[in-house]
Amino acid sequence: MAEADGGDAVAAAVTPEPRRGRPGYDRRGALEVAARVFNEHGYDATSMGMLATRLGLSKSAIYHHFASKEHLLDAALDEALGGLEQVLEEPGAAAGEPIDRLTYVVRRAVEVLVERLPYVTLLLRLRGNTEVERTALERRRRFDEAVSALVRAAQADGAVRADLDPAIATRLVFGMVNSLVEWYRPTGPERPADIADDVLALVFDGLRRR
């Protein structure tokens with residue numbers, strides 16, 4: 001169950017989280033902190049020793065909740081992907097005119113990113129080095145394909161330009177959505193609803209004055 005902690009030498013450089021009092025972190029709290037540490041240092045460079053230092057716990061206390069660092073990664077990625085996959089099952093995405101469903105999915109994707117920012121950030125920085133990462137990337141690919149199918153349906157309805165490649169359009173739209181991880185901060189002045197409105201305006205109306 002234990003793993004080699006090559007990063008233990010730098011664990012001392014990791015600033016512990018503020019004290020939470022006993023009994024410390026539950027599974028959810030530990031996962032949230034782990035996602036932040038993975039984003040700060042990179043998954044490969046993060047050791048269980050570094051995580052223990054940040055949490056102010058022993059490594060054995062972390063193993064009480066997660067069998068390994070890879071298990072932590074898998075759970076964190078599932079937070080991001082589960083949120084996106086759930087969007088596709090919601091009534092606004094599953095029924096109605098294709099253009100309305102597409103609009104709904106894009107808006108909700110922005111909301112999921114904001115709500116689960118550390119987890120989505122981790123997802124977007126994957127390199128596919130492990131089986132867990134490759135599985136997550138495959139799940140993300142299936143999500144993108146579902147969105148591309150909505151673009152094609154909207155094209156068939158005449159609501160979206162027919163000269164656009166659905167797969168490329170999907171990548172461009174989500175390239176804009178995903179860029180939020182680089183600048184959005186929950187403590188900033190931008191409200192999530194306003195950001196979603198701006199994204200939708202750019203995607204579906206563009207910048208040109210009409």
Side-chain angles (χ1 to χ4, degrees), residues 28 31-32 34-36 38-39 73-126 128 133 135-210:
R28 181 74 179 187
L31 183 61
E32 290 175 356
R36 291 200 295 269
F38 289 155
N39 286 327
L73 177 64
D74 188 39
L77 294 174
D78 191 58
E79 285 291 321
L81 289 160
L84 290 172
E85 291 163 348
Q86 180 61 42
V87 166
L88 297 176
E89 299 176 3
E90 294 171 359
E97 297 296 322
I99 189 62
D100 294 332
R101 294 164 60 195
L102 179 61
T103 302
Y104 179 87
V105 169
V106 174
R107 175 179 289 280
R108 288 287 291 120
V110 173
E111 293 172 352
V112 168
L113 186 149
V114 170
E115 293 165 1
R116 309 186 185 200
L117 186 61
Y119 303 116
V120 177
T121 301
L122 184 61
L123 172 65
L124 295 176
R125 293 177 179 173
L126 290 186
E133 294 176 78
T135 298
L137 290 173
E138 174 61 21
R139 287 173 66 183
R140 178 57 199 261
R141 185 186 64 79
R142 291 196 296 267
F143 174 83
D144 290 344
E145 288 176 347
V147 177
S148 295
L150 285 177
V151 174
R152 285 192 294 273
Q155 286 177 318
D157 270 3
V160 170
R161 289 171 44 173
D163 60 334
L164 296 176
D165 182 292
I168 293 176
T170 297
R171 290 176 182 173
L172 291 173
V173 169
F174 278 92
M176 177 165 51
V177 172
N178 295 340
S179 71
L180 292 174
V181 305
E182 302 301 332
W183 60 265
Y184 174 76
R185 298 295 178 267
T187 56
E190 303 88 358
R191 296 192 309 161
D194 293 336
I195 294 174
D197 287 342
D198 288 344
V199 169
L200 292 173
L202 282 171
V203 170
F204 295 103
D205 297 327
L207 291 172
R208 186 185 299 278
R209 184 176 180 179
R210 300 180 186 281

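Residue numbers run from 1 in the order of the sequence given.
- The shortest non-hydrogen separation linking L164 to V160 is CD1-CG1, 4.2 Å.
- Remark: Q155 CD to D163 CG distance equals 8.0 Å, nearest 0.5 Å.
- A side-chain donor-acceptor contact under 3.5 Å links R116 to the backbone of E79.
- Distance CG/L122 to CG/L77: 5.0 Å, rounded to 0.5 Å.
- Closest approach of Y184 to P192, counting heavy atoms only: OH-CG, 3.8 Å.
- Between R125 and N39, the shortest heavy-atom contact is NH1-O, 3.3 Å.
- Annotation for R171: atom CZ does not count as buried by contact number, only 12 or fewer foreign heavy atoms lying within 6.0 Å.
- Between F143 and V105, the shortest heavy-atom distance links the atoms CZ-CG1, 4.2 Å.
- Note that OG1 of T121 and CG of L113 are 6.5 Å apart. Values are rounded to the nearest 0.5 Å.
- Looking only at side-chain heavy atoms (C-beta outward), D78 and R139 come within less than 4.5 Å of each other.
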Inset, instruction - Tell me, with the steps shown, if R108 and V112 meet side-chain contact (heavy atoms from CB on, under 4.5 Å). - result: CA-CA 6 Å; R108 288 287 291 120; V112 168; 4.2 Å; yes

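- Between R140 and L124 there is a side-chain heavy-atom pair separated by less than 4.5 Å.
- Separation of atoms CZ (F174) and CG (D144) is listed at 7.0 Å; rounding is to 0.5 Å.
- Closest approach of A154 and P98 over heavy atoms only: N-CB, 3.6 Å.
- Contact record, V151 with T170: CG2-OG1, 3.9 Å, taken as the closest heavy-atom pair.
- The pair R142-E145 fails the salt-bridge criterion, with no side-chain N (NZ, NE, NH1 or NH2) lying under 4.0 Å from an Asp/Glu carboxylate O.
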